[in-house]
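Structure, as structure tokens:
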Amino acid sequence: GAVVSQHPSRVICKSGTSVKIECRSLDFQATTMFWYRQFPKQSLMLMATSNEGSKATYEQGVEKDKFLINHASLTLSTLTVTSAHPEDSSFYICSARDFGGRRYNEQFFGPGTRLTVL
Amino acid sequence: GQQVMQIPQYQHVQEGEDFTTYCNSSTTLSNIQWYKQRPGGHPVFLIQLVKSGEVKKQKRLTFQFGEAKKNSSLHITATQTTDVGTYFCAGATDSWGKFQFGAGTQVVVTP
């Protein structure tokens, strides 16, 4: 149990276009999902906390108008990178917490999305 | 703000040897979690420590949470090639809060 999927796994886009990444909890309800960014051989940097039915909370330095987050249901959160530029190229990973289950404090990570902006 | 520091960033180990990675927080933590990320993969939860001075074991892995709840360690005995990957600690200042990840320790094992 506690599986999180992400789609797409890889995406290549042109500079100036927008890209949407989906994060789904497959077998549990996630009232909270987290979006991270990871550069090669570096740690995970928390970008924002996505709460179902309310606005996302962004970390300092993360542009909310550039990284749009929508958590419309208990199993789906989306991250849209708007007007992408080459510096947005990175590995984006989501995680979800199963607050309703016994493993409520554990984060379950999706497999990640590799974004390359040309 | 809260900072979580992890050392070493890189560890080269001979198969069969032991090693330890350390995690230190600038603030007192509510709990700390450890994750392992294999090359090309995503982080996988290993364990959570909540109590001051807590020690937990998983086979060859021993996790400790400091008395002051500001540091933690992961000790691996008799390293195997399957231990290759990056080990991250992640600390939270409250039970329901977000986690701050350390920089990770990349472990390379030589047969």
Side-chain angles (χ1 to χ4, degrees), chain A residues 1-7 9-10 21 23-25 28 30-51 56-62 69 77 90-114, chain B residues 1-12 21-25 29-51 54 56 58 63 65 84-108:
Chain A
V3 178
V4 176
S5 70
Q6 250 182 273
H7 178 80
S9 57
R10 287 181 181 273
I21 303 169
C23 178
R24 291 182 187 273
S25 57
F28 67 98
T31 52
T32 302
M33 290 183 173
F34 302 91
W35 286 95
Y36 294 87
R37 185 173 179 177
Q38 186 177 35
F39 291 103
K41 298 189 184 298
Q42 292 191 27
S43 187
L44 289 83
M45 184 193 79
L46 180 64
M47 298 174 65
T49 303
S50 167
N51 296 297
T57 305
Y58 290 82
E59 294 302 300
Q60 195 172 10
V62 178
I69 292 172
S77 176
S90 188
F91 192 52
Y92 292 87
I93 311 178
C94 70
S95 73
R97 290 170 77 169
D98 180 9
F99 281 106
R102 288 189 301 169
R103 298 157 75 181
Y104 72 92
N105 210 18
E106 185 178 329
Q107 290 190 78
F108 301 98
F109 282 84
T113 297
R114 174 78 56 194
Chain B
Q2 177 197 352
Q3 284 193 343
V4 175
M5 293 147 285
Q6 199 173 342
I7 56 168
Q9 286 199 337
Y10 184 83
Q11 181 81 53
H12 191 171
T21 172
Y22 300 91
C23 189
N24 291 289
S25 170
L29 299 170
S30 168
N31 54 78
I32 194 161
Q33 296 180 347
W34 285 88
Y35 293 82
K36 178 182 178 181
Q37 185 175 23
R38 293 183 184 276
H42 61 275
V44 174
F45 176 86
L46 293 177
I47 210 155
Q48 174 171 275
L49 304 171
V50 178
K51 299 176 184 175
E54 189 170 13
K56 286 188 177 180
Q58 285 181 353
F63 303 84
F65 202 8
V84 164
T86 301
Y87 294 83
F88 293 99
C89 63
T93 53
D94 64 77
S95 298
W96 300 94
K98 57 197 177 188
F99 284 84
Q100 183 81 33
F101 277 75
T105 294
Q106 184 184 353
V107 176
V108 175

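Chain naming here is simple, since letters A, B, ... match the order of the sequence lines and numbering starts at 1 in each. All figures in this text were calculated on a predicted structure; none of them were measured in a lab.
- Counted within 6.0 Å of NE2 on A:H7, heavy atoms from surrounding residues, nucleotides or ligands total 12 or fewer; the atom is thus considered open.
- Nearest approach of A:F91 to B:Q37, heavy atoms of both residues: CE2-NE2, 4.4 Å.
- When heavy atoms are compared at a cutoff of 4.5 Å, B:Q6 does not approach chain A at all.
- With a 4.5 Å cut-off on side-chain heavy atoms, B:Y35 and A:F109 count as touching.
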*asked:* As a quick check of understanding, evaluate side chain to side chain contact (heavy atoms under 4.5 Å, CB included) for B:K98 and A:E59, giving each step before the final call.
replied: CA-CA 11 Å; B:K98 57 197 177 188; A:E59 294 302 300; 2.8 Å; yes

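- Note that CD of A:Q6 and NE2 of B:H42 are 9.5 Å apart. Values are rounded to the nearest 0.5 Å.
- Here the two rings, on A:Y36 and B:F101, have centers that are under 6.0 Å apart.
- Of the listed residues (B:G40, B:P43, B:G104), the greatest number of heavy-atom pairs within a distance under 4.5 Å of chain A belongs to B:P43.
- Annotation for B:Q106: atom CD counts as buried by contact number, over 12 foreign heavy atoms lying within 6.0 Å.
- Between chain B and the options A:Q38, A:M45, A:Q42, the largest number of non-hydrogen pairs under 4.5 Å is found for A:Q38.
- Looking at A:I93, the atoms closer than 4.5 Å to chain B (heavy atoms on both sides) all sit in the side chain, from C-beta outward.
- Distance alone, capped at 3.5 Å, is enough to place a donor-acceptor pair between the A:S43 side chain and the B:G102 backbone.
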